[in-house]
Amino acid sequence: TASAISLVRELFGDMWRYNFIELNASVSKDTPVLVKINGEIERTNFEKLDRMYFREKDELYKDVDNIDVLSTDNNLKICWKKVSKIIRHKVDKILRIHFEGGTIELTGNHSIITFDGEGNLVSKSAKDIKEGEFLISFITNTTRQYSAKAEYCSKNEKIDKFLLINKDLSWLYGAYTAEGCLGNNDIIFVWNKDEEEYMKKLEYIARRNGFNTSRKLAGSGFSGRDNLSSCQVILFSTRLESFMRMNFYGRHAAKHTARTKRIPNFMYNTNYENRLSYLKGEYDGDGTGDWNGYFRICSRSKELLIDLAW
């Protein structure tokens, strides 16, 4: 390593850091990452990528040609760029950096992008980061419009029908992520009985898309069935129940519960308006605060909250 650094310094001068790769600079296996695999966007982590691409226990490198990750172009605009290799290795220590909004775990010599005293973007090793320094994150306006479609499937066969994603259905999907559960060939949304606005909106969207609904008062919390403070809106559709089961939970989830919910991958591939409408459905179900300012969304699913952050 010392010889390589010496050589690259001689070749590239002050720009040596941009032409030198340390192969043991890595993040921990459970670090979340947004990727595009075979053109489809999904939020995963490095442990799952490990299982997808490495077959032998002692493999350290894997050439890949079907993965893109978020990066920046020469104008510092967010873009997708191709990945050529995935590298894995073991280390003795992992550093944990705490920042506003979360933490990240990585090796000490992993590069971190921060600012110098003149406001320029510079690369520093993780072990050299000091309290009070700033990290950059991906915040940008998405101007590109995506078309997306979600496929219905049953347990036994593939059904040749597609449901186009629009603003109304995106809100319904967000509301399901927050307040929905699987029934017996139907799906159930549980609202407070005073949330008439949301229940009417849900029923309206369901009717426009050919789904029948019904309502039923139910007990909630510790009060039991004697206190009918919640209202179930039941949407009848075997196909939609199967669709939700396949797309709104962890890929290998043993149970389909609130703790295993995920944002469906197709929502990452749709346009900004639909993504915002999905988030509004989540907010209407599980959110507090000001939609036009700062708000908080609560969930029993840690993976879902990571999805939402992305």
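The figures that follow rest on heavy atoms only: side chains count, while hydrogens, waters and symmetry mates do not.
- The closest donor-acceptor contact from the side chain of Thr260 to the backbone of Tyr249 lies at 3.5 Å or more, if one exists at all.
- If you chain together hydrophobic residues whose side chains sit under 4.5 Å apart, Leu49 and Ile104 fall into the same group.
- Nearest heavy atoms, Ala258 versus Ser301: O-CB, 3.3 Å.
- In this view, Phe295 and Tyr283, Trp291 satisfy the ring-ring contact (aromatic ring centres under 6.0 Å, His included) rule, not counting sequence neighbours.
- A salt bridge links Arg245 with Glu241; the closest basic N to acidic carboxylate O contact falls under 4.0 Å.
- Residues that satisfy the side-chain contact (heavy atoms from CB on, under 4.5 Å) test with Glu56, not counting sequence neighbours, are Asp58, Glu59.
- For the atom pair Ser84 OG and Lys62 NZ, the distance stands at 14.0 Å (nearest 0.5 Å).
- To the nearest 0.5 Å, atom CD1 of residue Ile97 and atom CG of residue Leu106 are 5.0 Å apart.
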Give the table of side-chain donor-acceptor pairs shorter than 3.5 Å for residues 182-192, with sequence neighbours excluded, one pair per line with atom names and distance.
unit_1	atom_1	unit_2	atom_2	d
Asp186	OD1	Asn184	N	3.2
Asn192	OD1	Asp194	N	2.9

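- To the nearest 0.5 angstrom, Met52 atom CE is 10.5 Å from Lys48 atom NZ.
- Considering only residues two or more places apart in sequence or on other chains, Leu95 meets the side-chain contact (heavy atoms from CB on, under 4.5 Å) condition with Ala126, Lys127.
- Between Phe236 and Thr213 there is no side-chain heavy-atom pair separated by less than 4.5 Å.
- Side-chain contact check for Cys298 versus Arg296: some heavy-atom pair is nearer than 4.5 Å.
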Assess whether side chain to side chain contact (heavy atoms under 4.5 Å, CB included) is satisfied between Leu235 and Leu172, documenting all intermediate values. CA-CA 11 Å; Leu235 196 157; Leu172 183 148; 4.2 Å; yes

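- Hydrophobic cluster membership differs between Ile234 and Leu202, with clusters built from Ile, Leu, Val, Met, Phe, Trp and Tyr side chains linked at under 4.5 angstrom.
- At a threshold of 4.5 Å between non-hydrogen side-chain atoms, the residues Arg275 and Tyr272 count as touching.
- Here the shortest heavy-atom pairing between Ala178 and Gly285 reads CB-CA, 3.8 Å.
- The two residues Trp80 and Val35 have their closest heavy-atom pair at CZ3-C, 3.8 Å.
- Under a cut-off of 6.0 angstrom, the local environment of CZ in Arg215 is crowded, with over 12 non-hydrogen atoms contributed by other residues, nucleotides or ligands.
- By the neighbour-count criterion of 12 heavy atoms within 6.0 Å, atom NZ of Lys216 is sparsely surrounded, having that number or fewer from other residues, nucleotides or ligands.
- Closest of all the heavy-atom pairs between Lys130 and Glu133 is N-OE1, 2.6 Å.
- You'll find the side chain of Thr270 stays beyond 4.5 Å of the side chain of Tyr278, heavy atoms only.
- Expressed to the nearest 0.5 Å, how far OG1 of Thr114 lies from CG of Asp128 amounts to 11.5 Å.
- Between Ser237 and Phe243, every side-chain heavy-atom pair lies at or beyond the 4.5 Å cut-off.
- Side-chain atoms of Arg259 never come within 3.5 Å of backbone atoms of His256 as a donor-acceptor pair (strictly under, hydrogens ignored).
- For Ile37 against Ile67, the heavy-atom pair with the smallest separation is CG1-CG1, 4.4 Å.
- Leu304 places a side-chain heavy atom less than 4.5 Å from the side chain of Glu282.
- Of all the heavy atoms in Glu179 and Asp286, the pair that sits closest is OE2-OD1, 3.8 Å.
- Taking a 6.0 Å sphere around NZ of Lys29, one finds it holds 12 or fewer heavy atoms contributed by other residues, nucleotides or ligands.
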List the steps and the verdict of side chain to side chain contact (heavy atoms under 4.5 Å, CB included) for Tyr173 and Leu169. CA-CA 6 Å; Tyr173 294 148; Leu169 283 173; 4.2 Å; yes

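- By the criterion of side-chain heavy atoms lying less than 4.5 angstrom apart, applied directly or through intervening Ile, Leu, Val, Met, Phe, Trp or Tyr residues, Leu279 is grouped together with Ile306 in one hydrophobic cluster.
- Here the options are Asn265, Val33, Leu34, the test is side chain to side chain contact (heavy atoms under 4.5 Å, CB included), and the partner is Thr44; only Val33 passes.
- Within 6.0 Å of the NZ atom in Lys167, the count of heavy atoms belonging to other residues, nucleotides or ligands does not exceed 12.
- Within the model, atoms CZ of Phe99 and CD1 of Ile129 stand 12.5 Å from one another, a figure rounded to the nearest 0.5 Å.
- Counting heavy atoms from C-beta on, the side chains of Ile94 and Thr107 come closer than 4.5 Å.
- Under the side-chain hydrogen bond (donor to acceptor under 3.5 Å, both in side chains) rule, Asp307 has a single partner from Lys302, Arg262, Lys261, which is Arg262.
- The side-chain contact (heavy atoms from CB on, under 4.5 Å) check on Tyr204 picks up Asp168, Arg207, Arg208, with sequence neighbours excluded.
- The structure places CG of Leu305 at 8.5 Å from CD1 of Ile297, a figure rounded to the nearest 0.5 Å.
- For Asp30, the side-chain contact (heavy atoms from CB on, under 4.5 Å) partners are Ser28, Glu105, not counting sequence neighbours.
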Worked verdict on Leu276 versus Lys280 for side chain to side chain contact (heavy atoms under 4.5 Å, CB included): CA-CA 6 Å; Leu276 191 64; Lys280 183 61 163 62; 6.0 Å; no

Output, in order, the C-alpha distance, side-chain angles, deciding distance and verdict of side chain to side chain donor-acceptor pair (under 3.5 Å) for Asn66 and Tyr53. CA-CA 11 Å; Asn66 65 336; Tyr53 289 97; 3.0 Å; yes

